[in-house]
Amino acid sequence: GIIKKGCPLVYRRQEKMVDSVFEDKANELNCKIIHADELEIHPIEDTEFDNKFLYRDTVHSLKLLGQHQLKNVSLAVSALEELCVQGFEITKTSLQRGLSEAFIPARFEVISKSPTVILDGAHNPDGMSALANSLSDILKDKKAVGLVGMLADKNIDRSLSYIESFFDTVICTVPDSPRAIPINDMVEIEMVEVDIDGIKSDIQNLENTKQNNLTSANAGDGISIVNG
């Protein structure tokens, strides 16, 4: 398993039932338990392009956007602190550089700043829920243009229900996959099953969607979200 005998276990507390599984296994294998949620990390600013936070009197900057990324930071930094306890030398400069350079492609990735275009690979309910949290942090009261394509074997209606309120325009497209849902079915799901009130769905050819989406971004306060 992931938990190794005698090795420290770093994790964030979750539901009591889940915590008990971790803690029972850690105790069985004589593992030191480190709760990453106890690490003092204080958010400062979360904008369209930057995610700043304070840790040990130092301001750090993340390319990874969304407040949920600070939870991931707490896990990484807690692990690094434990490595330092064990004798590894990790300098403050190395930590700051590592955090500032951390990058996950297509995970709320800003691929254009003028106009703002954000790429996110969310394609299932859990991913869309995380995307919704990030959109809430970034958009505030603004609306965006959504360029959305989905695979037919995903829970599409539930997935889209998380993000419907953030768009005033949705452009449907088809991913380059044999599992992709046909575009007419996609439009029907968005307009009927998810019941997105007041949202216009435009059917575009796949090769034209990116440019059309950038051109129409003004309809959504100049912000476009590409996901699916």
Side-chain angles (χ1 to χ4, degrees), residues 1-16 18-114 116-123 126-140 223 225-227:
I2 296 175
I3 302 177
K4 305 296 184 183
K5 185 175 182 180
C7 294
L9 170 64
V10 180
Y11 84 105
R12 290 186 61 88
R13 290 186 181 92
Q14 303 178 53
E15 294 84 0
K16 288 184 178 181
V18 176
D19 288 343
S20 65
V21 173
F22 280 118
E23 293 177 3
D24 289 347
K25 192 64 177 179
N27 291 329
E28 176 189 334
L29 296 177
N30 193 31
C31 298
K32 175 182 178 181
I33 298 176
I34 301 168
H35 294 121
D37 46 285
E38 294 180 356
L39 194 72
E40 293 191 8
I41 290 179
H42 305 286
I44 298 176
E45 183 180 19
D46 189 7
T47 69
E48 294 172 24
F49 309 123
D50 204 7
N51 195 355
K52 293 182 179 179
F53 62 93
L54 185 67
Y55 166 68
R56 292 192 182 279
D57 299 321
T58 299
V59 175
H60 295 271
S61 180
L62 275 183
K63 294 178 182 177
L64 302 170
L65 304 180
Q67 289 299 306
H68 68 285
Q69 293 294 354
L70 297 188
K71 296 179 180 179
N72 295 330
V73 166
S74 71
L75 287 165
V77 174
S78 294
L80 289 176
E81 285 192 343
E82 177 58 25
L83 288 174
C84 290
V85 170
Q86 295 186 20
F88 290 85
E89 184 178 351
I90 302 171
T91 66
K92 181 178 179 180
T93 300
S94 296
L95 172 62
Q96 193 161 22
R97 185 176 69 248
L99 290 172
S100 67
E101 294 179 358
F103 172 69
I104 305 175
R107 185 67 60 87
F108 216 74
E109 176 187 357
V110 178
I111 60 175
S112 172
K113 293 184 177 181
S114 184
T116 302
V117 180
I118 298 173
L119 176 64
D120 192 276
H123 59 277
D126 287 341
M128 291 292 197
S129 177
L131 173 58
N133 289 333
S134 297
L135 290 174
S136 179
D137 292 336
I138 301 301
L139 293 179
K140 310 302 182 186
I223 300 173
I225 311 297
V226 184
N227 85 287

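It should be emphasised that the depicted structure is a prediction, and the values quoted were computed from it without experimental measurement.
- Taking OG of Ser136 as the start and CG of Leu131 as the end, the distance is 11.0 Å to the nearest 0.5 Å.
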Between Leu62 and Val73, is the side chain to side chain contact (heavy atoms under 4.5 Å, CB included) condition met? List the steps. CA-CA 9 Å; Leu62 275 183; Val73 166; 3.4 Å; yes

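- Residue pairs meeting the salt bridge (charged side-chain N to carboxylate O under 4.0 Å, His left out) criterion with at least one member in residues 55-70, sequence neighbours excluded: Arg56-Glu81.
- Checked against ring pair (Phe, Tyr, Trp, His ring centres under 6.0 Å), Phe22 has the following partners two or more places apart in sequence or in another chain: Tyr11.
- Atoms CD1 and CG, from Ile41 and Leu70 in turn, are 6.5 Å apart once rounded to the nearest 0.5 Å.
- Taking CD1 from Ile2 and NZ from Lys25, the interatomic distance works out to 12.0 Å, rounded to the nearest 0.5 Å.
- In this structure Asp126 satisfies the side chain to side chain donor-acceptor pair (under 3.5 Å) test with no other residue, sequence neighbours excluded.
- Every residue two or more places apart in sequence or in another chain that forms a side chain to side chain donor-acceptor pair (under 3.5 Å) with Ser74 is listed here: Arg12.
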Kindly indicate, with the supporting measurements, whether the criterion side chain to side chain contact (heavy atoms under 4.5 Å, CB included) is fulfilled by Leu75 and Leu39. CA-CA 9 Å; Leu75 287 165; Leu39 194 72; over 6 Å; no

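- Listed by chain and residue number, Asp37, Glu38 satisfy the salt bridge (Lys or Arg N to Asp or Glu O under 4.0 Å) test with Arg13 (two or more places apart in sequence, or in another chain).
- The number of heavy atoms from other shown groups lying within 6.0 Å of CZ (Phe103) is above 12.
- To the nearest 0.5 Å, atom CZ of residue Arg107 and atom CG of residue Leu65 are 12.5 Å apart.
- In this structure the side chain of Phe88 never reaches within 4.5 angstrom of the side chain of Leu80, judged on heavy atoms.
- Distance alone, capped at 3.5 Å, places no donor-acceptor pair between the Asn30 side chain and the Gly6 backbone.
- Of the inter-residue distances, the one linking Leu99 atom CG with Phe53 atom CZ reads 4.5 Å to the nearest 0.5 angstrom.
- Atom CG of Asp137 sits about 8.5 Å away from atom CG of Asn51, to the nearest 0.5 Å.
- Nearest approach of Phe108 to Ile138, heavy atoms of both residues: CE2-CG1, 3.6 Å.
- Applying the side-chain hydrogen bond (donor to acceptor under 3.5 Å, both in side chains) test to pairs two or more places apart or on separate chains, those with a residue in residues 86-99 are Thr58-Lys92, Glu82-Gln86, Thr91-Ser94.
- Shown here for Leu64 and Ala102, the closest heavy-atom pair between the two residues is CG-O, 3.9 Å.
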